[in-house]
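All figures in this text were calculated on a predicted structure; none of them were measured in a lab. Per chain, numbering begins at 1; letters A, B, ... match sequence-line order.
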There are 2 protein chains.
Amino acid sequence: MTDRSTCYPGVVTTSVRPPRADAARNREALLAAAEAEFAERGIAASVADIARRAGVVKGTVFRHFATKEDLIAAIVIGHIATLSDEARKLLGASDPEAALREFLTVAADQRHQHNLTFLQTASAGNTAVLAARDELIGYIGQLVDAARAAGAIRADVTAIDVFLMMCAPIHIMENSSDPSPSLWQRYLGILFDGLRPEGASPLTQPAPSKP
Amino acid sequence: MTDRSTCYPGVVTTSVRPPRADAARNREALLAAAEAEFAERGIAASVADIARRAGVVKGTVFRHFATKEDLIAAIVIGHIATLSDEARKLLGASDPEAALREFLTVAADQRHQHNLTFLQTASAGNTAVLAARDELIGYIGQLVDAARAAGAIRADVTAIDVFLMMCAPIHIMENSSDPSPSLWQRYLGILFDGLRPEGASPLTQPAPSKP
DNA sequence: GTGGAAAATGACCGAGTGGTCATGTTTGTC
DNA sequence: GACAAACATGACCACTCGGTCATTTTCCAC
């Protein structure tokens with residue numbers, strides 16, 4: 001085994017000396033380049049292209065991220081953390097319905113801009129991703145509870161439901177050949193109306209117990 | 001150019017002698033094998049594996065389908081045609097709301113069983129697929145019109161909307177790590193409630209004019 | 001049965017992939 | 001400024017992929 005102390009998937013291993021300045025620079029450049037490359041070419045983006053875009057050689061990528069999957073996981077974790085921050089900010093809002101809607105808007109917008117929907121499935125097994133995901137679902141749960149208490153959403157909808165449905169507007173618009181960039185807002189509107197208590201019909205399938 | 005008279009993507013070229021018996025057999029076997037392989041391994045399923053599963057050699061695949069994309073297109077066209085048949089059958093139903101819901105149920109179930117969501121995007125540019133898609137949207141339009149006339153769905157929702165949203169329940173459940181096989185029915189329920197007139201809020205984005 | 005067309009075969013190709021590693025370079029420390 | 005550890009380099013590997021093609025086999029009409 002060679003030295004892999006810098007290969008942490010988003011979580012710093014404890015009690016090691018801080019990374020060298022150039023290494024930290026390159027890591028950030030790689031994350032940015034990978035995000036851009038994945039957004040443009042999807043999961044097919046190659047490690048070599050990412051390295052080139054970051055002004056670095058392919059071998060360097062594997063010094064920072066043990067596998068391509070680890071690189072993807074690092075990106076996904078970053079974005080999930082961003083969403084967690086957003087959800088936390090919205091917790092104290094005076095209008096719980098508007099807060100939940102705003103969260104879904106931010107989430108869809110982020111996923112739209114960075115083509116994250118497929119990255120999320122690509123890093124589904126990563127434990128660090130799972131931990132970040134669970135934290136996010138916790139915050140979503142508080143948003144959902146507040147909205148439900150305010151009578152803004154139906155009673156039978158859970159935090160896991162909302163988490164799973166988060167990407168739906170993006171997936172819907174991706175089926176269009178030449179979508180307007182903000183088409184997803186239309187489907188977020190329809191989806192959100194489906195979450196409202198008015199006209200809600202009983203659901204035949206129970207809510208999933210785990211995401 | 002070698003003879004490619006059998007490489008038709010779902011549409012029979014006119015006035016050629018019928019294919020040989022073994023060729024017809026192999027073509028069906030290839031389509032079935034490809035469908036199974038794609039369902040199991042996604043878009044990453046290789047032509048060689050598909051050929052092996054069909055009891056045939058890789059070169060044979062390219063005698064029937066000029067490219068891998070053409071093979072995918074043939075599968076997708078078959079499934080779209082199946083949906084068109086289903087929609088046509090439902091046109092005369094006495095309950096337009098139930099008919100639309102039944103159509104969405106059949107569509108989601110088909111896409112769930114055959115993992116078709118990604119295949120559809122993979123064959124997005126194929127002209128024969130586009131033609132089949134437009135025909136399907138025509139039938140969906142009639143289902144939607146009937147449902148709207150019966151007051152079962154909101155006024156601002158179009159056939160293209162329904163077509164684009166068709167796969168949403170499947171995409172939603174695919175975000176789950178360990179989904180129940182019928183979880184998509186839950187999200188179809190929520191989505192369908194979003195299509196109802198009760199509690200519908202105005203949509204900020206206009207409906208797409210083309211799919 | 002036989003001849004000729006249609007189709008299947010399997011070896012082959014080139015491009016591209018994620019990943020490795022010995023070697024050379026940079027950085028921080030004393 | 002020298003030394004060691006951290007880091008970057010670029011050549012390299014094994015492998016898979018979609019696709020091609022000369023050759024052989026199979027089918028069908030007569």
Side-chain angles (χ1 to χ4, degrees), chain A residues 1-9 12-13 15-31 33-34 37-38 41-74 119 122-123, chain B residues 1-9 12-13 15-31 33-34 37-38 41-75 119 122-123 126:
Chain A
M1 281 292 172
T2 58
D3 175 21
R4 288 289 182 205
S5 65
T6 55
C7 288
Y8 45 90
V12 181
T13 55
S15 75
V16 298
R17 71 170 59 176
R20 244 166 58 176
D22 54 345
R25 253 198 330 260
N26 283 340
R27 186 172 207 274
E28 291 312 306
L30 278 172
L31 283 172
E37 206 73 20
F38 282 130
R41 325 205 344 164
I43 195 70
S46 75
V47 176
D49 285 345
I50 291 169
R52 194 175 308 121
R53 188 168 193 142
V56 136
V57 109
K58 192 171 59 169
T60 303
V61 179
F62 293 100
R63 168 163 291 271
H64 288 268
F65 307 95
T67 67
K68 185 184 183 181
E69 283 196 357
D70 279 3
L71 171 57
I72 293 175
L119 285 187
S123 64
Chain B
M1 280 297 170
T2 59
D3 175 21
R4 289 289 184 206
S5 65
T6 55
C7 287
Y8 45 89
V12 181
T13 56
S15 75
V16 298
R17 71 170 60 175
R20 248 166 56 177
D22 54 345
R25 252 198 332 261
N26 282 340
R27 185 172 208 274
E28 292 312 306
L30 277 172
L31 282 173
E37 206 73 20
F38 281 130
R41 326 206 342 166
I43 195 69
S46 74
V47 176
D49 284 345
I50 291 168
R52 193 174 309 122
R53 189 168 191 142
V56 135
V57 108
K58 192 171 59 169
T60 303
V61 179
F62 292 100
R63 167 163 290 271
H64 288 268
F65 307 94
T67 67
K68 185 184 182 182
E69 283 197 357
D70 279 2
L71 171 57
I72 294 176
I75 296 176
L119 285 187
S123 64
N126 187 287

CG of Asp70(A) versus P of dG19(C): gap in Å, rounded?
9 Å
Tightest non-hydrogen contact, residues Ile43(A) and Lys68(A), listed as O-NZ, 3.2 Å
Could you list the residues that satisfy side chain to side chain donor-acceptor pair (under 3.5 Å) with Ser46(B), not counting sequence neighbours?
Asp49(B)
dC7(D), OP1 or OP2 - any side-chain N/O from Asn26(A) closer than 4.0 Å?
no
To the nearest 0.5 angstrom, please state how far the CZ atom of Arg27(A) sits from the CG atom of Leu71(A).
9.0 Å
Residue set satisfying side chain to side chain donor-acceptor pair (under 3.5 Å) with Arg25(B), at least two apart, ordered chain then number -> none
Report yes if some heavy atom in the side chain of Phe65(B) is under 4.5 Å from a heavy atom in the side chain of Ile72(B); otherwise report no.
no
Under 4.0 Å, counting only non-hydrogen atoms across every strand here, what does Val61(A) touch: a base, just sugar-phosphate, or nothing?
nothing
Think His64(A) has a side-chain N or O under 4.0 angstrom from the OP1 or OP2 of dA8(D)?
yes
Results of side chain to side chain donor-acceptor pair (under 3.5 Å) for Arg41(B) - residues two or more places apart only
none
Let me have a per-nucleotide readout for nucleotides 24-30 of chain D, 5' to 3', with B, S or -, counting only protein heavy atoms under 4.0 Å.
--BSS--
What does the inter-axis angle of the helix from dG1(C)-dC30(D) to dC30(C)-dG1(D) come out as, five pairs per end, nearest 10 degrees?
20°
How about Ile50(A) and Val56(A): do any of their side-chain heavy atoms sit closer than 4.5 Å?
no
If every non-hydrogen atom of Ser123(B) is compared with every non-hydrogen atom of Ala73(B), which pair is closest and at what distance?
CB-CA, 4.1 Å
From CZ of Phe65(B) over to C1' of dT20(D), roughly how many Å is that when rounded to an integer?
18 Å
Who are the side-chain contact (heavy atoms from CB on, under 4.5 Å) partners of Ala29(B), not counting sequence neighbours?
Ala54(B)
Protein-nucleotides 15-18 of chain D N/O pairs closer than 3.5 Å?
| residue | atom | partner | partner atom | Å |
| --- | --- | --- | --- | --- |
| dG18(D) | OP1 | Lys68(B) | NZ | 2.6 |
| dG18(D) | OP2 | Val47(B) | N | 2.9 |
| dG18(D) | N7 | Lys58(B) | NZ | 3.2 |
| dG18(D) | O6 | Lys58(B) | NZ | 3.3 |

At what distance, to the nearest 0.5 angstrom, does CG of Asp70(B) lie from CD1 of Ile75(B)?
11.5 Å
Send over the distance from Arg63(A) CZ to dG24(C) P, rounded to a whole Å.
16 Å
